[in-house]
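Below you'll find the structure, written out as structure tokens, and then a few comments.
Both backbone and side-chain heavy atoms feed into the values below; hydrogens, waters and symmetry mates do not. Note that the structure is a prediction, hence the values are computed from the model and not measured.
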Amino acid sequence: MNQTRILFVCHGNICRSSMAQCVMQDFVNRAGRIEEFVIDSAATTNEEIGEPMYPPARRKLAAEGVPIVPHRARRIRADEADSWDLIVCMDEENLWHLRRILGAQGMSKVQKLLAYVGEDGDVADPWYTGNFDATYRDVVRGCRALLELCAE
């Protein structure tokens, strides 16, 4: 069976990308499509390496009934671009860092999450705003559209 391998990426891998990983995994599980996907997340920087998901992000997911996957922040490596079918980032800054890390060839797999709902915007960054509700809404919309795309 062919699996779709998705890597969610953000700045530190403790808020947005880890939330997207959990939400997408929950969607896949609920759809009975567990065997069809490999889902992970990573950072573009070294700032939070080894840290667990940020507690307010965990609380938001728990409040929404989304199971938390085991997680420790890690940084994406240049040599892993070939390991993923889709590398899904959260904002323009992530795109800039990914270009530097992956090079032009690796960028062919990169897309911002909200592009899957036809938007060019960024997923709200709760690190600065504290608004985990807005982040969650963005993540859910993007992941739902991404799962629908993978069904085609």
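- Within the model, atoms OG of Ser41 and CD1 of Ile87 stand 12.5 Å from one another, a figure rounded to the nearest 0.5 Å.
- Closest heavy-atom contact between Phe132 and Pro56: CE1-CB, 3.4 Å.
- To the nearest 0.5 Å, the span separating CG on Asp138 from CD on Glu119 amounts to 7.5 Å.
- In this structure, Ala42 and Ser17 approach most closely via the heavy-atom pair O-OG, 3.5 Å.
- Here the shortest heavy-atom pairing between Leu86 and Cys150 reads CD1-SG, 4.5 Å.
- Pairs engaging residues 92-104 under the salt bridge (charged side-chain N to carboxylate O under 4.0 Å, His left out) rule: Glu92-Lys112 [sequence neighbours left out].
- Between Met53 and Leu61, some side-chain heavy-atom pair lies under the 4.5 Å cut-off.
- Cluster annotation: Val9 is not connected to Val140 through the hydrophobic network of ILVMFWY side chains, with a link wherever side-chain heavy atoms come within less than 4.5 Å.
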Derivation of the side-chain contact (heavy atoms from CB on, under 4.5 Å) call for Tyr54 and Glu48: CA-CA 10 Å; Tyr54 192 48; Glu48 302 292 342; over 6 Å; no
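- Separation of atoms SG (Cys10) and CG (Asp122) is listed at 12.0 Å; rounding is to 0.5 Å.
- Checked by atom type and distance alone, the side chain of Thr45 pairs as donor or acceptor with a backbone atom of His11 at under 3.5 Å.
- For residues 76-114, there are no ring pair (Phe, Tyr, Trp, His ring centres under 6.0 Å) pairs, not counting sequence neighbours.
- Here the closest heavy-atom approach between residue Arg77 and residue Ile101 is recorded as C-CG2, 4.2 Å.
- At least one donor-acceptor pair under 3.5 Å links the side chain of Arg5 to the backbone N or O of Ser83.
- Taking 4.5 Å as the limit, some side-chain heavy atom of Lys109 sits within range of a side-chain heavy atom of Asp82.
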Check the pair Leu146 / Phe27 against side-chain contact (heavy atoms from CB on, under 4.5 Å), numbers first and verdict last. CA-CA 10 Å; Leu146 178 54; Phe27 284 172; over 6 Å; no
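- Taking a cutoff of 4.0 Å between a charged side-chain nitrogen and a carboxylate oxygen, Lys60 and Glu64 qualify as a salt bridge.
- Note that the CZ atom of Arg72 and the CD1 atom of Ile49 stand 12.0 Å from one another [nearest 0.5 Å].
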Go through Phe8 and Met90 one step at a time and tell me if the side-chain contact (heavy atoms from CB on, under 4.5 Å) criterion holds. CA-CA 8 Å; Phe8 292 100; Met90 304 297 135; 3.9 Å; yes
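- None of Thr4, Ile39, Val23 except one satisfies the side-chain contact (heavy atoms from CB on, under 4.5 Å) rule with Val28; the exception is Ile39.
- Residue Tyr136 is not grouped with residue Val69 when hydrophobic side chains (ILVMFWY) are merged at heavy-atom distances under 4.5 angstrom, including chains of intermediate members.
- The heavy-atom pair separating Val88 from Ile6 by the smallest distance is CG2-CG2, 4.0 Å.
- For the pair Leu102 and Ile76, the minimum side-chain heavy-atom distance is below 4.5 Å.
- Under the side-chain contact (heavy atoms from CB on, under 4.5 Å) rule, Cys89 has a single partner from Leu95, Thr44, Leu7, which is Leu95.
- Between Arg137 and Arg141, every side-chain heavy-atom pair lies at or beyond the 4.5 Å cut-off.
- With rounding to the nearest 0.5 Å, the separation of CD in Glu36 from CG in Leu147 is 8.5 Å.
- Among pairs with a residue in residues 7-29, those fulfilling salt bridge (charged side-chain N to carboxylate O under 4.0 Å, His left out) read Arg16-Asp91, Arg16-Asp125, Asp26-Arg30, at least two apart in sequence or across chains.
- Closest of all the heavy-atom pairs between Cys143 and Met24 is O-SD, 3.6 Å.
- Distance CG/Asp85 to CZ/Phe37: 10.0 Å, rounded to 0.5 Å.
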